[in-house]
Protein chains: 2
Amino acid sequence: MPTDETPVRRRRGPSMADVARLAGVSGQTVSRVANERHNVDAATRDRVLAAMREVGYRPNSAARALRNGQFRSIGVIVFELSSFGTTRTLDAVAAAATVSGYAINLLPVLDVNQRAVTNAFSRLGEQAVDGVIILIEAHTLDEAGVQLPEGLPVVVVDSSAHYDYPIVDSNQAQGARLATEHLLDLGHETVWHVSGPPTSFAADRRRRSWELTLTQRGCEVPPVLNGDWTASSGYEAGRMLAANPDVTAVFAANDQMALGVLRALHERGRVVPDDVSVVGFDDMEESAHFWPPLTTILQNFVDVGRLSVDALIHEIQAGEHHHDPVAVPTKLVVRSSTAPPRRP
Amino acid sequence: MPTDETPVRRRRGPSMADVARLAGVSGQTVSRVANERHNVDAATRDRVLAAMREVGYRPNSAARALRNGQFRSIGVIVFELSSFGTTRTLDAVAAAATVSGYAINLLPVLDVNQRAVTNAFSRLGEQAVDGVIILIEAHTLDEAGVQLPEGLPVVVVDSSAHYDYPIVDSNQAQGARLATEHLLDLGHETVWHVSGPPTSFAADRRRRSWELTLTQRGCEVPPVLNGDWTASSGYEAGRMLAANPDVTAVFAANDQMALGVLRALHERGRVVPDDVSVVGFDDMEESAHFWPPLTTILQNFVDVGRLSVDALIHEIQAGEHHHDPVAVPTKLVVRSSTAPPRRP
DNA sequence: TGCATCGATGTTTACGTCAACATCGACCGC
DNA sequence: GCGGTCGATGTTGACGTAAACATCGATGCA
């Protein structure tokens, strides 16, 4: 960006001094009223309050941040909000942060190739947030050339232990085991898997857990079909599966891909769940209304968000972090897309 | 919130003075280097840059904001991110703002009943953003008791002309007309409508446009079924519709409700599109993979987001706003959920 | 040579807030 | 009545930055 020559002439709002003058007190007394200190005479307080209202005083948070050395704001790094899980987590994070009195600074990584070119990421290159929650897979961050300032408190919402930062996430392995065992318990000989992208740690966790569950049960492990979380990729994978009469049970790594699988099966005339059972992962609101309603793994995004914020604020205020990853348990939600295999 | 007694002892980062001392120059020269002014000797600049790196200098945005009287940050008021449209718009807004060098402050309205109780909304009660984009229906804002500070630039993304603020939104009326006419053109005698909640202006616009289109074509206007944007509410409405053999064409005010309608029709054994045609609104990524793939109205959220940001920044920098509402056109996307009515 | 010009750099100051310290009057107990 | 205490309020200074102004040496031109 070239030097910004627009001289933004900004009429500054009224400051404490203005209020003080009008109320006939010192600025410090205004400060005390603004911060609800109790050592101010009731009459004085009323006068100050009235003066504030009259001039439309609003405290200047920049001055406050400068004075106090903290911003009461946390940055949240996201890639795209299109992903269901990210959105839900962000929602929960925002709610939790707000309750704790922290503002949310949204830091979108626009493009994996942005590198240093667009330094849209300047918010991190300068002091503006007290800490950061990373809601994208770390390799994306690396590829975007984003580097986190040293000493900045960070919490990662992801499923790799490769980070030096505290981690909070759903218990991916437990969820995938739940899904796979549900299908095996119904009597299916084995379970096929439509996986998330290989670059995703969460996808990797789910895939490995599915595989482990199968081998522990002595089941054959079919080849993995790789998707990229989108319904389209699920549809592509589903077309393969639908063409294979051996397939009776599918575990898709998220609900969107499961939706694509369902469509492919319908197109091929394979009935769900009579011919093929399907399980998803996430439990989006819509999943209950897929056709047929989808059996899936419920993630507790609210807990993930809240725990992330709590961990970050603790890190900010205490300066220390607990390094044990937090794994939020998931739950199996059984609907109509799963049934015992049809007996030949 | 009671007086926060936690004395957050925060080690402040290095400032310009530290860099200046190390580089053997004045603070002002450091400032010039930090702001990429060209009137600094190359050798000096290198020395300063090196010093910055050595001490790990990061400009303090609070001090900057205080000095410059602006924050380069815009607030975005959202209710919940669960809604598909809000999320997509937020995504676009964040991208556009970032490109323009503005940060995003997410301001979640946690509860319609929060009133003054939780003043989690403090970010607006103080100077911390240069302007605000409202992504929720205004009545929700009113009910939450949120009052916008006077003089703060605001842009509303909604479809009512009742505001004093600039408005950007998809052209709801045009989209609803597109949907309704598509069904009529296929030969259906009339079109039933599953509406969004009565409190939503966007829902109102779509409903009225649907009605107008029908009357203009001389078609009977069936009673409206009210939903609340969720797939569940669409399902409830769909059960009514499925039970009525006269129904051959349905326009749902969003894709999620359309999904619920599809489910209800399937459950009742009514075939889509042979027995009943269904059109949605939004064009979520998933809609192409519903069963059958959903004919719907595509909203250009990217444009909505970008135009909102542009309008707001213009308002911030020029201090004036154009009051003509911006209506972003929508497009009909035809898939397999619509067909001519079955001839008796 | 002398003076104007210009570019590089330094000095001062104000932005708004709030902790720390200072002041001042009222009230208390003896 | 007097030292002491306490509560209400005022004064000072510092947080980090950058505009405005000041300084100083080099260069250009008559």
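Chain A is the first sequence line, chain B the second, and so forth, proteins listed ahead of strands; every chain is numbered from 1. Atom set for the values below is all heavy atoms of this structure, side chains included, hydrogens, waters and symmetry mates excluded.
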Residue-phosphate contact under 4.0 Å: A:R37 side-chain N/O, C:dT17 OP1/OP2: no
Can you measure B:F71 atom CZ to C:dG16 atom C1' for me and round it to whole angstrom units? 10 Å
Output the rounded distance in Å from CE (A:M52) to P (C:dG16). 15 Å
Report the nucleotide, chosen from D:dT17, C:dC18, C:dA19, that has the shortest atom-to-atom distance to any side-chain atom of B:S15. D:dT17
Is there a side-chain polar atom (N or O) of B:N39 under 4.0 Å from OP1 or OP2 of C:dT9? no
As a test of reading the structure: which of D:dA18, D:dA8, C:dC18 is closest to the side chain of B:M16, going by heavy atoms? D:dA18
Restricting to non-hydrogen atoms, name the atom on B:D158 and the atom on B:I167 that form the minimum distance, rounded to 0.1 Å. O-CG2, 3.0 Å
Mind calculating the distance between CZ (A:R58) and P (C:dT17) to the nearest angstrom? 11 Å
Verdict with supporting geometry, B:R45 and B:D41, salt bridge (Lys or Arg N to Asp or Glu O under 4.0 Å): CA-CA 6 Å; B:R45 177 186 2 264; B:D41 189 78; over 6 Å; no
Would B:R88 and B:D91 pass as an ion pair if we require N to O under 4.0 Å? no
If you look at every strand shown and take non-hydrogen atoms under 4.0 Å, does B:S31 touch a base, only sugar-phosphate, or nothing? base
Quick note, B:N68 side chain, CB onward, closest among C:dC18, D:dA18, C:dG10 is D:dA18
Return the value, rounded to whole Å, for the distance between atom CG of B:N60 and atom C1' of C:dC15. 13 Å
Candidates C:dT9, D:dT9, D:dG16 - which lies nearest the side chain of B:T29: C:dT9
Distance test, side-chain N/O of B:T44 to OP1/OP2 of C:dT9, below 4.0 Å: yes
Where the side chain of B:D41 is concerned, which of C:dT17, C:dA8, D:dT17 is the nearest nucleotide? C:dA8
Return the minimal non-hydrogen interatomic distance between B:E126 and A:P59, and the atom names on each side. CB-O, 3.2 Å
B:Q70 has an atom CD; how far is it from atom C1' of C:dG16, in whole Å? 16 Å
Residue A:R67, side-chain heavy atoms: nucleotide from D:dC15, C:dA14, C:dT9 that is nearest: D:dC15
Nearest nucleotide by nearest heavy atom, which residue falls closer to the 5' end of DNA chain C, B:V40 or A:Q28? B:V40
Where the side chain of A:R64 is concerned, which of C:dT17, C:dA8, C:dG10 is the nearest nucleotide? C:dT17
Mark yes or no for a side-chain to base donor-acceptor pair under 3.5 Å between A:R32 and D:dG10, with no hydrogen or angle criteria applied. yes
Determine the contact category for B:V30: base if any of its heavy atoms lies under 4.0 Å from a base atom, sugar-phosphate if only primed atoms, P, OP1 or OP2 are that close, otherwise nothing. nothing
Ignoring the backbone of B:N35, work out which of D:dT11, D:dA18, C:dT9 is nearest its side chain. D:dA18
Evaluate the side-chain contact (heavy atoms from CB on, under 4.5 Å) criterion for residues A:D169 and A:V328: first the C-alpha distance (whole Å), next the side-chain angles of each, then the deciding distance (0.1 Å), finally the verdict. CA-CA 6 Å; A:D169 203 358; A:V328 178; over 6 Å; no
Output the rounded distance in Å from CG (B:L66) to P (D:dA18). 11 Å
Distance in angstrom units between B:E126 CD and C:dG16 C1', rounded: 13 Å
Please give, in whole Å, the distance from C:dG7 P to B:H38 NE2? 9 Å
Just by modelled atom types, is the A:P14 backbone N or O under 3.5 Å from a matching donor or acceptor in the A:D18 side chain? no
